[in-house]
Each structure stands twice: as C-alpha cells, then as structure tokens.
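Chain naming here is simple, since letters A, B, ... match the order of the sequence lines and numbering starts at 1 in each.
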2 protein chains.
Amino acid sequence: MTQVTLQQLAKELNLSIATISKALRDSHEISVSTKKRVFDRARELNFTPNPYAGSLRKKKSRTIAVVLPEVADNFFTLAIKGIQSVAEKKAYHVLIYLSHESYIHEQHILQNCRSGRVDGVLLSISSETREAGHVELLQAHNIPVVFFDRALEGSRTAKIVTNDVEMGYMAARHLLSKKCSRLCFFSLSESLPICKKRELGFKNALAEEGFPEQAVYYCTGDEEKDYQLILELLSSSRPPDGIIACVERIAIQVYLACQQLQIRIPNQLKMVAFSTLETAPILDPPLTTITQPAFEIGKAAAELLFKGIEKTNFNLENNTVVLPSILIERASTKVVSV
Amino acid sequence: MTQVTLQQLAKELNLSIATISKALRDSHEISVSTKKRVFDRARELNFTPNPYAGSLRKKKSRTIAVVLPEVADNFFTLAIKGIQSVAEKKAYHVLIYLSHESYIHEQHILQNCRSGRVDGVLLSISSETREAGHVELLQAHNIPVVFFDRALEGSRTAKIVTNDVEMGYMAARHLLSKKCSRLCFFSLSESLPICKKRELGFKNALAEEGFPEQAVYYCTGDEEKDYQLILELLSSSRPPDGIIACVERIAIQVYLACQQLQIRIPNQLKMVAFSTLETAPILDPPLTTITQPAFEIGKAAAELLFKGIEKTNFNLENNTVVLPSILIERASTKVVSV
DNA sequence: CTTATTTACGAAAACGTTTTCGCACAAGCA
DNA sequence: TGCTTGTGCGAAAACGTTTTCGTAAATAAG
C-alpha cells in the first residue's frame, strides 16, 4: 500500500482534484452530499494529505525548531515539555536540535532553519555564542525567533528569562546569612548572559557587605577537568565555606567531590544551586536550590513564538518576559551548631 | 529578504533551472567553470534549497520521528541524546512527539507519520498500548519502525531492549541476599512489556526461594494517588522490607514517602530501582540501581532504523537487540548490623 | 420571459525542487 | 568526408497540494 493522494480520490469519485481538496477542507463551495461522499471515501482509504506538498504551496510548515545546548538536563527537558504542551494545542510539529554548547553547530542549525523548513525558532544559546549574526539572518528571512532562558543580549527579539541577577544576589545573601564567609561562585561561562547575571548578583551582594575577594571559577565544559578543578579548590589550604553552583551539572559534581573528600555539607561547606533537579529534596543532604520555572518558561516562549508566527503585524521586539525563580531552602545551607 | 530559489539564481546567471540544480549537486554533466560560477553566486546569496520541494519530488524527507511517553525522564533524555548523535551524522532531522502514556495520542501521532512527513519512526510505547495495529499500518505504508526500550510484543519489526527479565530477577535476588524477607515490586502497568518482564524476573526469584506471596503494586499514573498508595503501603501493619521500583519516578516517590514517614533506608527498608538517575550516588542514602544503557539503546535503535530506511532490502523483522543493564550496588541495600 | 444571482464544480497555475530526455556542437575515428 | 561518441546544457514533466478564476446550470428578481 502506497500513499493515497487527492488524484486517486478524484479518479475514484469521478470528481476533480480541486473539488476533493475543497471538500476535505469543508469548503462552502461544495455541496453537502458530495462532501459526505468525499469524507467517507477518504476515511475508508485512510487518506492523509502530504504535508510537504501543502507546505510548499502555502509557504507554511506548521513546524518549529527548538535549538538547545543539551538535552540531558532537567531544566531543558522541562522546558521542552512546556513547549510541547502548546505545540500540541496548536497542532504544530517540533524539531529538536542540539548545539552541544558549540557556536559553530548553532550557526549551522540556524542556517538550515532559513530554508523554509520551520515557521519559527525557539533558541537557548550555547555557552560559546557571543554574536547575534546568525539569528539576525534568520529574522531577515522573516522567521521569528524567541529566546528562552539563555538569551543573547542586544538581540532585537523576544526573550523569556528568569530573574537571574536577583537570584544570584539572593543566593549570596542566603549563604551570608548562614554565616558563610568565603563564598565561591561556580560558573559555566564568562560570556553566557545567564551566568554573567547570576555572577553579577553574587558580586553585588558581596560588595554590599564589603567583601573584597570575589572568587569566581569557570568550568571548561570538559566533565573530567571540571571535576579536577573542583577537587583542587575544595582541598586547597583555604577552601570556600559556601558555594553557588550556576548550573545543575556543577552542583552534582560538587556533591560527588565532597563525597570523595569527605567534606560534610552543611557543616564544613554550604551550598546553593541553580537547578530544577527533582531529586533535590532527597539528596544527601537535601539541596537548597534556586528553582527556575522551567516548564513555564518553555510554555511562555512557545506562546510568544506562535503569536509572532500567526500575527504578521506582531512585533516580538521589546517582548522580554521575566518569570521569577524561587529559592527553596533545604539542609545544604542549614546552620549547624558546633 | 525572502527565500532565494533556483529560479532566481538561473535568471541571474543566464542559465536554466536544471543547470543550477545539477551544478549545486556537483553533477558531471556541468562544466567546472559553470559550477564555480553557480557555487559562488549561491553562496553570496545564501541560497538554502527548500527541503519540502525536494522531499516532494524525491519522496524522502530526511526526517525521523521519535515517539515517547514522556520527556522529563532521565532514561528518555539519554536515549534522545543517543538518537541525536546518529541523526546528526546522517544529517537527518528529528521530530519529537509525546504520547503522554496515552494510546489514543500515540495512535494519532503514528497516523500523522503515515503522511510522508517522516522516513522512519522510533517508538517507545505508552503504558496503555496493547495492540500493534497502529504500527502495522505504518509498516504497510513502507515506513520502518524500530522500538526502543518499551517494545510491543508480537510486533514484526526491530526492537532494541535491555535484559528486563534477568534484571528483575537480579534485583530480587540482590534484596534477598541482603536479608530482606518481605519484598514488594512497584510497577507502572500490568500490560507494559518491560514492566511485565521485570515483574516476571522478580516472581521467578521469589518462586525459586519458595516465597508464596508476591506483592506487586501498580501505579495509576496519577502522581498524587501513587504517592498515597506508597504512603499507605509503607505505613501498613506489615510493611515491606525490600522494594523494587520499576521506574525512576516511583523510586523518587518512595524516597519522599520514607522521608515523610521517617522510615530509614536501608535499616528498615532496602530498595533497588530501575533508573538512570545521575544523582543516584548522592541521594540519601545512595540508591542501588539497575542502570540501563540508555544512550546506547537510543543510538542502536537509530542506527538500525537508518539501515531500514537506506537499504530497501533490509528486513527489520527478527532484529531484536538486547543491551544488558547493570546492577550498581549502593547504600540503599546495605546490610546494617543491628 | 429576460436578466441577475447563486450554487457547485473543474481547469489550471503555482509552490521549488529533481530528473529524464533531447539537442547542438565538438572531438575522435576510419 | 561520414560516422560515432562525448560534452554541456535546456525543456519539461513530475511530486501532491491549494487557490484563483471561469462557467454551466439552477434559482431568484424584475
């Protein structure tokens, strides 16, 4: 059995292709009786219209692309879920692309998106991305782009982000309020806006309290090296007593390092992590987290993108939405009486 | 700026559309000099061929669909990563669809896949799925299907699975060797093959040792109800002293319930879970897991699917690959001296 | 009974490719 | 010179839709 087409239906029913097409779309031009004939036969033959033929003609693909640096990450999977929830309602299809934290990869992916394959793009940039050229080219092709979470600064389109500066500040103040005096911020990238912002909040809090030294460490992306870096720091002569992990992955590595070095949390070291880990409450010890509204960020981004796709006069620029994160205090930052 | 087409290139260069097309595909029919002219101009104009026009003509979409019940799950995200790793090499595009554990949803998704939108489908069935009608229809349309992890029994196509019966057996034996005497198996579904198999292994182990009672509980899918079910069981007069969690989600819920009920693991209750949780080693206590080769399963499934797509004479049937899981022993099943 | 209007349908162009075939011209061979 | 072979390109069909426009018959309006 091969694909059944309008042509075949037309031949079978002694009607023209145009009539079949219109009948299936329930056009008023076609009489009720013929519509019924067509519907019935189409159902019998399990007719499923070729989407690409339609896309070609209508210049609409009913497909969006989601471009993200990594999929094995709780934040991104929740965001995908949020995106899917609205794509399903709109009957859109979702292509997933991974940049693997590489700018080159990201460029190629966006380049491909310019072909008419997708009607819009949801983008969370790689940690290497510093320029907006590739997204501007996309926009020049009239393909709307919405950033989610990891947005590019100075790019003229919508962004759905969370209150990173504020939460970086809160994380630091939280640790300070728990009597930490040697804070350390573990970042992913020097350039990535979300990291920079969280770091900025961290620094602001320290500056307020007159702390001169601001220990910020940047991970390399290489899991093994990052782990070594953490081990070295924690076993140095003057280790931190409070750590902020900018992303989930780092939090897990710090926990593992503490396990290996037999450093007790929260006694010797307190920790708060930017993370949506669902296992945070059952870790040893339960981890204080800055939890982002991941699902909602994905959902809001998709909703905005569809507005941009459906209403041609809708201007995505200046549509920055900030969905607040929350600090959930758990045992990893508990004050322990000595 | 709008989409640039072969037509425009042809006009600019005073060549025919056919020549442009062939030149870009580096055909031997075209002279080296013209090819260069075409290449250069195409690059200048940032020509990106419309994929749907090509798909329509060639009846190939270079796109596959991945259909899975849930995305917020470590196993599935790792599997997606494995799938992507081979799709990227083959320059294929990946559409993601979620069935939300619903058979109806799954049916609609597969129905849509028959339209020519995709060249092949990777499927991990919903917990409600019991019949293969929808996948047979797909195959009848010459669209190859490969199951991964959650395969449908009696379906005539390739499956990439893990050794579920064996690991169910090992999980039970492991708990028995740790002096547990009241085992309990928490399953997701009575019909889902992977659950049935794990359960079978569990029962086999118990039968071997002459245990008459075989406590198996089925979760409803409703998180809240499941949690209540677990709470009731654990606070009953005769609670289990060893639990096997068939899926990751249940394991987390049991940990949370134990936290609430102040049940100490492994002292009062030991536990092993089928899971690829990367936080398993830092849970309280570290969780003994049956860890599936999630990435490899996704990768192998994709590789097999591409064989089915590319070689028309390749028969996917009877291509069942079993990638073994491993039991990683951690503190949640440690024997504690009283 | 003529003239407008409506109803129900078909012809054909269009979307942007790929591919088959044909053709003109040049080059090689006897 | 006549014949074959090869080279480089173009015309046109095809993929399966959607949509515009035209038109014949039926109905309504005058």
For [X] against [Y], the heavy-atom pair lying closest together:
X: B:Ser127; Y: B:Ser189; answer: O-OG, 3.3 Å
X: A:Leu98; Y: A:His105; answer: O-CD2, 4.2 Å
X: B:Ser61; Y: A:Tyr52; answer: CB-CE1, 3.5 Å

Lys/Arg N to Asp/Glu carboxylate O, [X] vs [Y], below 4.0 Å:
X: A:Arg41; Y: A:Glu44; result: yes
X: A:Lys89; Y: A:Glu303; result: no
X: A:Glu136; Y: A:Arg156; result: no

Report task. Mind running side-chain contact (heavy atoms from CB on, under 4.5 Å) on B:Ile309 and B:Ile64 for me, showing each step along the way? Result -> CA-CA 10 Å; B:Ile309 290 174; B:Ile64 61 170; 3.9 Å; yes
Query raised in the report: At how many degrees, to 10°, do the end axes of the helix from C:dC1-D:dG30 to C:dA30-D:dT1 meet when each uses five pairs?
Result: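 Between the first-five-pair axis and the last-five-pair axis there is 50°.
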Query raised in the report: Which of residues 30-38 of chain A have a heavy atom under 4.0 Å from DNA chain C?
Result: A:Ile30, A:Ser31, A:Thr34
Query - Residue of the set A:Lys159, A:Arg150, A:Glu153 for which side chain to side chain contact (heavy atoms under 4.5 Å, CB included) holds with A:Pro193 - result: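 Single pass found, and it is A:Glu153.
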Using atom [atom1] of [X] as one end and atom [atom2] of [N] as the other, report the distance to the nearest whole Å.
X: B:His28; N: C:dT19; atom1: NE2; atom2: C1'; value: 12 Å
X: B:Glu29; N: C:dT19; atom1: CD; atom2: P; value: 11 Å
X: A:Arg25; N: C:dC9; atom1: CZ; atom2: P; value: 18 Å
X: A:Leu15; N: D:dT18; atom1: CG; atom2: P; value: 16 Å

Query raised in the report: Within a reach of under 6.0 Å around NZ of B:Lys307, are more than 12 heavy atoms found that belong to other residues, nucleotides or ligands?
Result: no
**Report entry** Side-chain N,O (A:Ser21) to OP1/OP2 (D:dT17) below 4.0 Å
**Finding:**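 False: A:Ser21 side-chain N/O out of range (4.0 Å or more) of D:dT17 OP1/OP2.
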Query raised in the report: Judged by modelled atom types alone, do A:Thr157 and A:Ser155 share a side-chain donor-acceptor pair under 3.5 Å?
Result: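 Distance-only check fails for A:Thr157 and A:Ser155.
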Query raised in the report: Under 6.0 Å between ring centres, would you say that holds for A:His134 and A:Tyr103?
Result: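 Yes, the ring centres sit under 6.0 Å apart.
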Query raised in the report: If the sugar-phosphate is the primed atoms plus P, OP1 and OP2 and the base is the rest, what is the B/S/- string for nucleotides 11-16 of chain C, using protein heavy atoms under 4.0 Å?
Result: BBBBBB
